[in-house]
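Bear in mind that the values here come from a model prediction, so they are computed numbers and not experimental data.
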Amino acid sequence: MPRIRHKEAFIAIRPRETVEAGAAELARQCEHRATGDTRGALAAYAWALDPAGPAPVTGRVVRGPVAELDLAVEERAAIDRARDPRHSAADRAFARGAAGALEWLLGFSPIGV
């Protein structure tokens with residue numbers, strides 16, 4: 001069965017083209033040296049743009065386009081993981097990057113977890 005790519009005009013409050021351009025620029029900037037934070041952000045952008053796979057932090061799978069509630073649930077989980085000392089430093093950095101990207105998609109300034 002072919003994969004259906006959803007082309008919604010907005011992802012939360014951001015125009016799809018803005019998200020695509022921002023993700024591409026971040027990937028370009030980090031092409032040779034990505035940190036855990038940037039890997040988390042890129043994973044969040046990729047999932048928001050094409051949610052065919054599991055969400056980057058919770059592993060949730062959504063059917064169809066990602067809704068604002070899906071982004072908010074993932075953002076909250078990312079913040080919680082980024083602050084949880086029971087997770088490795090690498091996991092916390094990945095979650096911190098994902099949280100920042102998801103916060104931006106939702107229209108918030110990153111809170112600096």
Side-chain angles (χ1 to χ4, degrees):
M1 183 169 176
R3 198 159 132 195
I4 299 171
R5 189 162 160 94
H6 299 280
K7 289 289 191 179
E8 63 281 352
F10 282 82
I11 298 173
I13 69 156
R14 306 288 176 190
R16 180 178 191 81
E17 295 80 21
T18 301
V19 176
E20 289 172 340
E25 177 60 20
L26 181 60
R28 188 193 63 72
Q29 289 175 3
C30 303
E31 186 175 7
H32 300 292
R33 199 175 120 236
T35 65
D37 287 48
T38 56
R39 284 191 292 276
L42 289 170
Y45 291 139
W47 175 69
L49 288 164
D50 188 8
V57 176
T58 64
R60 291 178 60 235
V61 176
V62 296
R63 304 278 182 240
V66 175
E68 278 191 53
L69 181 58
D70 298 317
L71 294 167
V73 166
E74 193 69 10
E75 181 253 355
R76 183 76 250 170
I79 290 171
D80 289 346
R81 181 167 295 175
R83 292 178 174 169
D84 189 342
R86 294 175 295 177
H87 291 280
S88 71
D91 285 345
R92 290 193 316 269
F94 182 92
R96 190 172 44 250
L102 293 161
E103 290 164 358
W104 178 77
L105 287 168
L106 290 164
F108 300 108
S109 296
I111 62 170
V113 290

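Nearest heavy atoms, G59 versus P54: O-CB, 3.4 Å. Minimum interatomic distance between R76 and R83 (heavy atoms only, all atoms of both residues): NH2-NH1, 4.1 Å. Minimum heavy-atom separation, A27 to L42: N-CD2, 3.8 Å. Closest approach of A95 and A82 over heavy atoms only: CB-N, 3.8 Å. Counting all heavy atoms, side chain and backbone alike, P56 lies closest to A44 at CG-CA, 3.8 Å.
Taking the charged nitrogens against the carboxylate oxygens, D70 and R60 do have a contact shorter than 4.0 Å, which makes a salt bridge.
Hydrophobic clustering of Ile, Leu, Val, Met, Phe, Trp and Tyr side chains at less than 4.5 Å, counting indirect connections, keeps V73 apart from V62. In terms of hydrophobic clustering, with Ile, Leu, Val, Met, Phe, Trp and Tyr side chains grouped at heavy-atom distances under 4.5 Å, L26 and L49 are assigned to a common cluster.
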message: Is there a side-chain contact (heavy atoms from CB on, under 4.5 Å) between I13 and F108? Walk through the geometry before answering.
response: CA-CA 10 Å; I13 69 156; F108 300 108; over 6 Å; no
- request: Take I79 and E103, measure what side-chain contact (heavy atoms from CB on, under 4.5 Å) needs, and give me the verdict at the end.
  value: CA-CA 10 Å; I79 290 171; E103 290 164 358; 3.3 Å; yes
message: Test salt bridge (Lys or Arg N to Asp or Glu O under 4.0 Å) on R28 and E25; report intermediate values, then the result.
response: CA-CA 5 Å; R28 188 193 63 72; E25 177 60 20; 2.6 Å; yes
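Between F10 and T18, the closest side-chain pair of non-hydrogen atoms is not below 4.5 Å. I11 is not listed as a side-chain neighbour of V66, based on a closest heavy-atom distance of 4.5 Å or more.
Taken from OG1 in T35 to CZ in F94, the straight-line distance is 11.0 Å, to the nearest 0.5 Å. D50 CG to E20 CD: the interatomic distance, rounded to the nearest 0.5 Å, is 10.0 Å. Here D80 contributes atom CG and E75 contributes atom CD; the two are 9.0 Å apart, rounded to the nearest 0.5 Å. Atoms CH2 and CG, from W47 and L105 in turn, are 9.5 Å apart once rounded to the nearest 0.5 Å.
In this structure a side-chain-to-backbone donor-acceptor pair under 3.5 Å is present from R14 to W104. In this structure, E74 contributes its side chain and T58 its backbone to a donor-acceptor pair below 3.5 Å.
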